[in-house]
There are 2 protein chains.
Amino acid sequence: MNYFTSTSLKRIAESTVRRLSLYLSFLEGIERQGLKTISSDELARLGGTTSAQVRKDLSLFGSFGKRGLGYSVPELSEKLREILGLGKQWRVCIIGAGKIGAALARYRGFADRGFIVTAVYDSDQAKIGKRWDNLTVRSIAELEKDSAKQDFDIAVVATPAENTPAVVKQIVRAGIKAILNFAPVQLAVPADVTVRNVNMAMELEGLSFALSNRGD
Amino acid sequence: MNYFTSTSLKRIAESTVRRLSLYLSFLEGIERQGLKTISSDELARLGGTTSAQVRKDLSLFGSFGKRGLGYSVPELSEKLREILGLGKQWRVCIIGAGKIGAALARYRGFADRGFIVTAVYDSDQAKIGKRWDNLTVRSIAELEKDSAKQDFDIAVVATPAENTPAVVKQIVRAGIKAILNFAPVQLAVPADVTVRNVNMAMELEGLSFALSNRGD
DNA sequence: GATAGCTTGTGAATTACTTCACAAGCACGA
DNA sequence: TCGTGCTTGTGAAGTAATTCACAAGCTATC
């Protein structure tokens with residue numbers, strides 16, 4: 001199923017997708033508590049939004065609730081997992097075997113959600129060949145060739161800012177269409193490659209701004 | 001200077017603040033290259049946005065450019081640092097001495113930008129008292145009392161989901177007004193507390209969604 | 001000191017996102 | 001079977017963010 005083409009022609013906003021993700025995490029908690037149904041109003045309260053927003057978000061993909069009753073928790077979870085593409089396992093490679101790369105390679109949250117780290121790359125000769133748990137750090141030069149075999153879905157970029165543009169070129173050349181970027185630079189990629197940035201400096205500066213500009 | 005009250009009455013959107021942060025990082029790179037001026041058009045290209053957007057963002061805070069010339073790189077950097085509140089040092093405490101907390105405590109990027117980690121807390125007796133570089137892990141029970149002395153500006157939450165609501169209550173009670181949240185839950189805080197969430201699962205799911213819903 | 005060439009700053013127009021508000025539908029009890 | 005109470009799904013209205021488009025202003029050159 002494909003929500004850009006078959007179901008609807010609407011472009012789905014990134015903010016909507018973030019909320020869907022959030023709703024799913026709430027539903028999983030609620031499922032564990034054993035509750036069977038939930039209303040848009042309760043979901044909204046958990047997510048800090050409005051019930052209309054919740055219903056609108058879901059209505060972009062279909063009609064999953066029952067009037068008068070709310071949404072079936074397991075059914076809606078399942079639908080959200082399907083919408084978000086969490087039914088399958090995604091093959092992830094990490095580029096950059098520094099501190100962040102190392103932390104990510106060990107991060108349990110990846111595997112828990114079906115994101116399997118299958119390789120780690122670096123350009124530093126000193127790091128290439130080192131073993132990390134069950135992975136061996138490989139040369140970035142091998143990425144394109146490896147990708148042909150392993151068919152990576154997602155590349156995680158955890159390289160120093162200055163190396164990043166070159167690394168991104170190689171990722172694109174390897175045909176990978178999704179990038180999770182931890183480097184503090186904006187990536188230049190073709191339109192068919194999706195990038196999500198995680199940039200701690202930016203988050204901290206947002207807090208700094210808020211603290212500096214409160215009503216006092 | 002306070003951009004909510006004195007300069008303008010406009011509420012500044014989070015997306016605007018993110019972009020300002022991004023512009024600043026570009027300007028710093030350009031400054032190192034020794035270039036003296038930059039146009040809104042060049043900044044826009046670096047940031048993947050439009051020149052009108054750049055000019056609009058900056059115009060919310062004043063008029064920093066010269067028609068025909070562009071913006072002075074050092075002058076605009078300085079203005080942005082001022083707007084973002086980066087002139088001073090912010091006192092940061094980390095709550096949660098697990099893997100993420102440990103990685104964050106050592107993260108150089110904090111100090112580089114004026115965010116000084118001055119304490120680490122946990123509720124686990126096994127962790128309390130351990131030394132981390134020049135910090136000792138303290139009991140979360142001490143947070144409120146410590147904060148009265150140390151006056152933390154920002155709390156970084158890196159606790160397991162289930163402990164997080166209780167931890168957040170203590171942060172709020174300690175009078176801390178800004179939280180960087182790594183826990184995969186939505187925080188309930190009063191309106192005068194600013195929260196930024198860093199949630200890797202959500203980013204990955206965004207990529208998963210994009211991969212699942214491309215035109216094919 | 002006039003002209004040409006750029007680039008800003010900003011109202012107006014457009015596009016995107018959120019909220020309102022209510023008809024329609026379901027469950028349950030009388 | 002009918003009525004009551006609740007909750008969805010969704011057009012319409014409202015709000016927010018982005019882009020357009022152009023007058024105004026600066027620099028350099030002749």
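Numbers restart at 1 for each chain; the letters A, B, ... are given by sequence-line order, proteins then strands.
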For D:dT7, does the base pair up with any side-chain atom of A:Arg67 as donor and acceptor (N or O, under 3.5 Å, distance only)? no
Within residues 30-41 of chain A, those residues having any heavy atom closer than 4.0 Å to DNA chain D are A:Ser39, A:Ser40
Please report the distance, rounded to the nearest Å, between [atom1] in [X] and [atom2] in [N].
X	N	atom1	atom2	result
B:Leu60	C:dG9	CG	C1'	11 Å
B:Glu75	D:dC26	CD	C1'	14 Å
A:Phe61	D:dT8	CZ	P	18 Å
A:Leu76	D:dT8	CG	P	11 Å
B:Lys79	C:dG9	NZ	P	12 Å
A:Leu69	C:dA24	CG	C1'	15 Å
A:Lys66	C:dC28	NZ	P	12 Å

Is the shortest side-chain N to carboxylate O distance from A:Arg81 to A:Glu28 below 4.0 Å? yes
Between B:Lys36 and B:Glu31, does at least one N-O distance fall below 4.0 Å, as a salt bridge requires? no
Per the salt bridge (charged side-chain N to carboxylate O under 4.0 Å, His left out) rule, which among A:Arg19, A:Lys79, A:Arg18 passes with A:Asp57? A:Arg19
Kindly say if A:Tyr71 contacts the phosphate of D:dG9, meaning a side-chain N or O under 4.0 Å from OP1 or OP2. yes
Any chance you could measure B:Arg11, atom CZ, to B:Leu60, atom CG, to the nearest 0.5 Å? 11.5 Å
For the atom pair CG (B:Leu135) and SG (B:Cys93), what is the distance rounded to the nearest 0.5 Å? 11.0 Å
Distance only, no hydrogens: is a donor on one side chain within 3.5 Å (strictly under) of an acceptor on the other, for A:Ser39 and A:Glu42? yes
Name all pairs fulfilling the side chain to side chain donor-acceptor pair (under 3.5 Å) condition that reach into residues 187-201 of chain A, sequence neighbours left out, sorted by first residue then second. A:Lys177-A:Asp192, A:Asn181-A:Asn197, A:Arg196-B:Glu203
How would nucleotides 12-20 of chain D be written as a contact map, 5' to 3', with B for base contact, S for sugar-phosphate-only contact and - for no contact, using protein heavy atoms under 4.0 Å? B----SSBB
Ignoring hydrogens and geometry, is there a side-chain-to-backbone donor-acceptor pair from B:Asp153 to B:Arg91 under 3.5 Å? yes
Could you check if a side-chain atom of A:Asn213 sits within less than 4.5 angstrom of a side-chain atom of B:Ile12, using non-hydrogen atoms only? no
Hey, which of these two, B:Gly68 or A:Gly68, hits DNA chain D nearer its 5' end, going by closest nucleotide? A:Gly68
